[in-house]
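Report on the following structure.
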Amino acid sequence: MITLSSDFGSPYPAAMKGVILQESDARLVDVSHQFPRQDVGAAAFWLREVLPHFPPAVHCVVVDPGVGTERAAIVIRAGEHALVGPDNGVLVPVARELDGDVEVFEIEYDDPESVTFHGRDVFAPAAATVHEAGIDDFEREDGFVEADSFVDLSVPEPVEREDGVTGEVLVVDDFGNAITNIPGERLEGQFGSDVTVNGVWAPARRTYAAVGPDKRVVTVGSHGNVELAVNQGRGDKRFSVSPGARVRLRWT
Amino acid sequence: MITLSSDFGSPYPAAMKGVILQESDARLVDVSHQFPRQDVGAAAFWLREVLPHFPPAVHCVVVDPGVGTERAAIVIRAGEHALVGPDNGVLVPVARELDGDVEVFEIEYDDPESVTFHGRDVFAPAAATVHEAGIDDFEREDGFVEADSFVDLSVPEPVEREDGVTGEVLVVDDFGNAITNIPGERLEGQFGSDVTVNGVWAPARRTYAAVGPDKRVVTVGSHGNVELAVNQGRGDKRFSVSPGARVRLRWT
Amino acid sequence: MITLSSDFGSPYPAAMKGVILQESDARLVDVSHQFPRQDVGAAAFWLREVLPHFPPAVHCVVVDPGVGTERAAIVIRAGEHALVGPDNGVLVPVARELDGDVEVFEIEYDDPESVTFHGRDVFAPAAATVHEAGIDDFEREDGFVEADSFVDLSVPEPVEREDGVTGEVLVVDDFGNAITNIPGERLEGQFGSDVTVNGVWAPARRTYAAVGPDKRVVTVGSHGNVELAVNQGRGDKRFSVSPGARVRLRWT
């Protein structure tokens, strides 16, 4: 099985699929091709959210603000999974989630100058090669060399306060829920009470439906993080936040 | 075969696929993950339009304005098909279309409080279980109990008039065609003539191309219902209607 | 393998898949269902860009501004590939790219008046039939007749100038890159220099990353054509162009 993730929209991912299917009969599953454009942090968040639900697979992920620069191309072996993509940190958090013990390999490739679409010409073939060689068995003769170092991703940490916590919005999902970096456990004691979010009052509840339609709610999403939401509406608009925005939660 | 339908956008459906693929080798086919947000009527319309074209399959459908409330989770056996989703009526019209004789089962599940994504944690596993047990054979020991009752969906009926008919817009498709609840047969005698739609003149024709580009036309779509359209344009804009809007057709 | 391409958005393509899966166990791969609405030239461009990367397959393509008119439905045999769709030229450039020697067949079908969705009722069944009969072997008894003629697509040619070249924008991709009909080789001598685009200065470079974030760049994309881009931004906005716009490149 090979999963595909990117910020490519359509139809570029289809070219990647064609290339893979030239070399492999693997089942192909799209994770998303609508990741926020060139947003490595958002992609890392979503991958960690989604990929651990999959059975063993090769995950080909291309969110690549550094295309055309010297950044390396890597494969990470993480337990029964492999991750293929640019060496920009996007693969690392999910790799650690999949398996504590990760091995990183560099993909050797010739870059025929500018007329190159790395997703199609580098990462798709590498994903097919890893799949065909086997996640346990791919090696140097398949074009992969153990990497001396790799780019890690610093995930912003929330800051504890006496009367609450300050974090930030990591991503906004398609429902408009603003997902923060604040762990859900921080909200445990507050359910049933009101809190303030950047100075605005809102009820802390376990579910969206605990407030009326179109009402603000601070809750914990399926990802386990604190989320700013509106029942049957868009939390990002009503809390006036977007990815990267500071979120100051205060207990009251 | 398992089909997937939702209003989730991306990437949440991928987590559902991962969960299913842990338990099943079924072919997965996306119907849509762009159904209008939490619009049970629109989803019911599209399912009835699309699913009957499929060979026998398990159809997992999550459009769920009541997530977090007490609404049940159900499986409907409809002939050679099974439908899995929230008990909010969305599955019922297509189930009746697939087979006159439907059986409804409740899905038993533990709800570990708020940190739950029912699509991933309840409906995807249930779809996999039904698929693996077999549509004819799933039963109580698989976690399904015959339901005493279930939510039905009242589809709005058009009202006959002496000089026409009054209905409403059910959905607007991605082309901008406003699809009404008025049966196509009601337009039969009018092809070639003009009608009025909410007081505005428009030709009734069998095809979009029977009028010039960018011209209004009242026609019958592939779904068999009366449609307000514009040849190579958006009917919803030009007729100033959106889902739920009243549509008064008058013969002239 | 059957690939699907259209401008249908969602969920109409799912009905096509259901119909195909009634007749065939073929692997289905979506190329795109987001092609620009009824834009035959854009679809022809993308198909030529993507389909040659696929192993032998039946490619079902429905971008059909002439639906409801007398336009024919065709299958093209192009080497080991077959292409199925309306006879409006969209299939021809990619067919020639796949194989110099193309054979064109007309699909015989009954059109049951207006209540027809040709993608679902004509092209999907034809694609399944071609797939099941075999790309080498489908013939008259499968409902296909050699065509006397077919619609070709005139691709606009750039005009050479003493001090540059004038072309036009063919498509804008999801990143906002404006892809022109000007062959990349025309830019070869200019890399490292500045050029003007419709009178506006911009650097010609081999990669996006050769200019700073949010800076204009004239480059050559993976498709081999000259592209008006912005590093990590939208070229179409910053060069004020859209599909069909004239592009006057001048060397300086």
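Chain identifiers are assigned alphabetically (A, B, ...) following the order of the sequence lines, protein sequences preceding nucleic acid strands; residue numbering begins at 1 within each chain. These numbers come from the heavy atoms of this one structure, side chains and all, not from hydrogens, waters or symmetry mates.
The shortest non-hydrogen separation linking B:R27 to A:R27 is CA-NH1, 4.4 Å. Minimum heavy-atom separation, B:R37 to A:D174: NH1-O, 2.6 Å. For the pair B:P11 and A:V31, the tightest heavy-atom approach, listed with the atom from each and the gap, is CB-O, 3.7 Å.
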Donor-acceptor contacts under 3.5 Å from residues 40-60 of chain B side chains, at least two apart:
residue : atom : partner : partner atom : Å
B:H53   : NE2  : C:R120  : NH1          : 3.4
B:H59   : ND1  : B:T3    : OG1          : 2.8
B:H59   : NE2  : B:H81   : ND1          : 2.9

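Residues of residues 85-94 of chain B lying within less than 4.5 angstrom of chain A, judged on heavy atoms, are absent.
Under the side chain to side chain donor-acceptor pair (under 3.5 Å) criterion, the residue pairs touching residues 141-158 of chain B are B:R96-B:D152, with sequence neighbours excluded.
Taking a 6.0 Å sphere around CZ of B:R234, one finds it holds more than 12 heavy atoms contributed by other residues, nucleotides or ligands. The environment of B:E80 atom CD is sparse: at most 12 non-hydrogen atoms of other residues, nucleotides or ligands sit within 6.0 angstrom. By the 6.0 Å contact criterion, CD on B:E70 is open, its count of non-hydrogen atoms from other residues, nucleotides or ligands being 12 or less. Applying the 6.0 Å contact sphere to CG of B:D137 captures more than 12 heavy atoms from other residues, nucleotides or ligands.
B:Q38 touches chain A through its side chain: at least one heavy atom from C-beta onward sits under 4.5 Å away, while N, CA, C and O do not. The contact between B:F8 and chain A is made by backbone and side chain atoms together, counting heavy-atom distances below 4.5 Å.
The closest side-chain heavy-atom distance from B:L28 to A:V29 is not below 4.5 Å.
Applying the side chain to side chain contact (heavy atoms under 4.5 Å, CB included) test to A:E185 and every residue at least two apart in sequence or in another chain returns A:P183.
When each of A:H33, A:Q232, A:Q34 is scored by its heavy-atom pairs under 4.5 Å with chain B, the top score falls to A:Q232. Listed options B:D7, B:I20, B:D30 were ranked by heavy-atom pairs under 4.5 angstrom with chain A; first place goes to B:D7.
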